[in-house]
Amino acid sequence: MNKNAFLYDYDVEKVRADFPILQQEHHAGVPLVYLDNAASSQKPLPVIAALDDYYRRYNANVHRGIHKLSEEATAAYEDARLKVKRFINAGSKREVIFTRGTTESINLVAQTWGRANLGRGDVVVATMMEHHSNIVPWQILAAEKGFTIRYVPVLRDGTLDLRAYDRYLHEENVKLVTVMHTSNMLGTVNPVQAMAQQAHNAGAVVVVDGAQSTPHMPVDMQALNVDFFAFSGHKMCGPTGIGVLYGKRALLEAMPPWMGGGDMISRVTLEGSTWNELPYKFEAGTPIIAGAIGLGYAIDYLSAVGMEKIQAHEREIGAYALERLAEVPGVTVYGPEAGQKGAVAAFTLQGIHAHDVAQILDAEGVAVRAGHHCAMPLHDHFGIPATARASFYLYNTMAEVDALIAGLYKAKQAFAV
Ligand code: PLP
């Protein structure tokens, strides 16, 4: 492959120029090669400027004041909701609930829909590849409510055992299916649209963890037809502390609130309270105003670059990374082949612990993550304690893949393996 030639119109250097953090040296004389995007992405100038502008010019609480600053803050906050609605093609703004992130979104579903609808004799189907944030909330609730959790196994090639999934749906009293769209370790893109259809046929509600898909590909709630969909702003060029729970309106209307407090009520008396309309019923207290506005600007930015283009760029980078990693003796990459996965490569390097790999790479300016990536059961399944993970985004280049590979050879040299 000619590593400088892209088959599509994508100016990665122009994109990089929008990310100030990428312009700096990681260590003296060593440029930063940021390959930890699955953990969190970097932020472009318009997002940084939007946060600055909010705090400098119109910082105020929303939905309450009748003064100009509050009105401007409210308009910007609600405009961000509209941007999210369009970005994921939700049916209505009321279906977009701002949360702190994917973790909080999933906990919200567990503590509201789950608490109201799951009990002894019921089954929740999750998968063995889930992030801890899509396992633990269900375990906590199961301990209290007495339902069972079944985990769809992962095959050696890093895809789900869909035959087992089908069996669970036919043989068990499955009330809810919860599955990640894209794996943060294997990169596997699960067939959530088909899985949702099967689950609905079996009468189950479907939750999708979109933390690793929404930043990297177009997602469409009407096409996927899932019931709940969760994602985080910080993985898609937005600020930390903001995320989204999309939910189908009829389900959200029927669900009890989770946290109680200001903004989520319609009327409070000393005897009891009634709830605000959607989405505010699920947004108790002062919301994450700056975060939501910043996420709106991140969505504007990603949309201007183009989600299809970003996806195509990452496909090229991901395929090149897998090709180059395969050349390094002792490297094992986990997950499906290129073309079937997101631009994520979790790998082991024989004879060197993942943390040592990451440390040597860091000295070379290459930032990767090492550990279990909040997917301990998946690492157990593959019989490995830890992997190093390189994950790519819209601003990464082929040359950065080369820097990763050069760093791995340095590690091999240092450990004489
Ligand atoms: N789900 C997946 C697949 C993830 O990769 C992550 C973050 O690493 C999460 C959930 C949790 O996201 P957050 O920590 O932003 O709530």
Side-chain angles (χ1 to χ4, degrees), residues 26 32-42 102 128-135 154 157-159 180-190 209 211-213 215-216 232 234-236 314-315 317-328 330-338 340-397 400-412:
H26 193 50
L32 170 65
V33 175
Y34 187 76
L35 304 182
D36 194 16
N37 295 287
S40 201
S41 72
Q42 298 304 344
T102 309
M128 273 187 200
M129 66 169 74
E130 296 311 308
H131 187 280
H132 296 165
S133 65
N134 200 19
I135 295 177
V154 175
D157 69 355
T159 61
M180 67 198 329
H181 199 174
T182 301
S183 163
N184 58 315
M185 179 201 164
L186 303 170
T188 315
V189 181
N190 291 317
D209 169 354
Q212 296 292 347
S213 59
H216 304 285
S232 302
H234 69 97
K235 293 182 197 287
M236 50 187 289
E314 289 184 26
R315 254 194 214 124
I317 295 271
Y320 182 61
L322 291 188
E323 190 183 305
R324 295 278 349 249
L325 282 165
E327 291 167 9
V328 184
V331 163
T332 304
V333 180
Y334 295 85
E337 310 263 293
Q340 291 173 44
K341 67 186 231 156
V344 178
F347 61 92
T348 50
L349 181 50
Q350 200 173 21
I352 315 179
H353 192 278
H355 286 118
D356 294 325
V357 172
Q359 207 150 29
I360 291 177
L361 287 174
D362 182 62
E364 299 300 309
V366 182
V368 299
R369 182 145 180 204
H372 51 66
H373 319 299
C374 296
M376 274 189 191
L378 189 56
H379 280 75
D380 289 346
H381 179 67
F382 282 103
I384 41 173
T387 49
R389 181 183 68 187
S391 52
F392 304 88
Y393 206 10
L394 73 167
Y395 37 66
N396 288 123
T397 66
E400 290 182 314
V401 173
D402 294 339
L404 166 70
I405 302 300
L408 293 181
Y409 279 109
K410 276 246 165 115
K412 283 171 72 71

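Quick note: residue numbers are just sequence positions, from 1.
- L404 CG to Y320 OH: the interatomic distance, rounded to the nearest 0.5 Å, is 10.5 Å.
- One distance of note links CG of L378 with OH of Y334; it measures 10.5 Å at 0.5 Å rounding.
- The two residues A354 and A388 have their closest heavy-atom pair at CB-N, 3.6 Å.
- Within the 3.5 Å criterion, the main-chain N or O of A39 finds a donor-acceptor partner in the side chain of K235.
- Between T102 and S232, the side chains place a donor N or O and an acceptor N or O closer than 3.5 Å (distance only, hydrogens not considered).
- Distance OG1/T387 to CZ/F382: 10.5 Å, rounded to 0.5 Å.
- Summarising the geometry of V189 relative to G342, their closest heavy-atom pair is CG2-N, 4.0 Å, with the distance given to 0.1 Å.
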Exercise for the section: Could you check Q350 against T332 for side chain to side chain contact (heavy atoms under 4.5 Å, CB included), going step by step and ending with a plain yes or no? Expected result: CA-CA 8 Å; Q350 200 173 21; T332 304; over 6 Å; no
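- In terms of modelled atom types and a separation under 3.5 Å, the side chain of Y393 and the main chain of Q42 share no donor-acceptor contact.
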Problem - side chain to side chain contact (heavy atoms under 4.5 Å, CB included) between L408 and F347, intermediate numbers included - result: CA-CA 11 Å; L408 293 181; F347 61 92; 3.8 Å; yes
Exercise for the section: Determine, stepwise, if the pair L186 / M129 fulfils side chain to side chain contact (heavy atoms under 4.5 Å, CB included). Expected result: CA-CA 8 Å; L186 303 170; M129 66 169 74; 4.2 Å; yes
Exercise for the section: Would you check, one step at a time, whether the test side chain to side chain contact (heavy atoms under 4.5 Å, CB included) holds for V333 with K341? Expected result: CA-CA 12 Å; V333 180; K341 67 186 231 156; 4.2 Å; yes
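- The two atoms that bring R324 and V401 nearest to each other are CG-CG1, 4.1 Å, heavy atoms only.
- Between A411 and I352, the shortest heavy-atom distance links the atoms O-CD1, 3.5 Å.
- In this pair, H132 and H372 present their aromatic rings tilted. The plane angle is within the 30 to 60° band.
- Counting only heavy atoms from C-beta outward, the side chains of K412 and V328 approach each other to under 4.5 Å.
- The heavy-atom pair separating A345 from L322 by the smallest distance is CB-CD2, 4.1 Å.
- Under a 3.5 Å cut-off, the side chain of S183 and the backbone N or O of M185 do form a donor-acceptor pair.
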In residues 355-370, what donor-acceptor pairs under 3.5 Å come from side-chain atoms, sequence neighbours left out?
residue, atom, partner, partner atom, Å
H355, ND1, H353, ND1, 3.4
D362, OD1, H26, NE2, 2.6
E364, OE1, K410, NZ, 3.4

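- Here the side chain of Q212 pairs a donor or acceptor atom with the backbone of A38 at under 3.5 angstrom.
- Side-chain atoms of E130 come within 3.5 Å of backbone N or O of M180 as a donor-acceptor pair.
- Scanning for side-chain contact (heavy atoms from CB on, under 4.5 Å) contacts around H381 gives M128, V154, with sequence neighbours left out.
- Atoms CZ and CZ, from R315 and F392 in turn, are 16.0 Å apart once rounded to the nearest 0.5 Å.
- Counting all heavy atoms, side chain and backbone alike, G187 lies closest to T182 at O-CG2, 3.6 Å.
- Without hydrogens or angle criteria, H373 side chain to A375 main chain gives no donor-acceptor distance under 3.5 Å.
- Summarising the geometry, atom OG1 belonging to T397 is positioned 8.0 Å from atom CG belonging to D402; distances are rounded to the nearest 0.5 Å.
- The distance from the OH atom of Y395 to the OH atom of Y34 is 6.0 Å, given to the nearest 0.5 Å.
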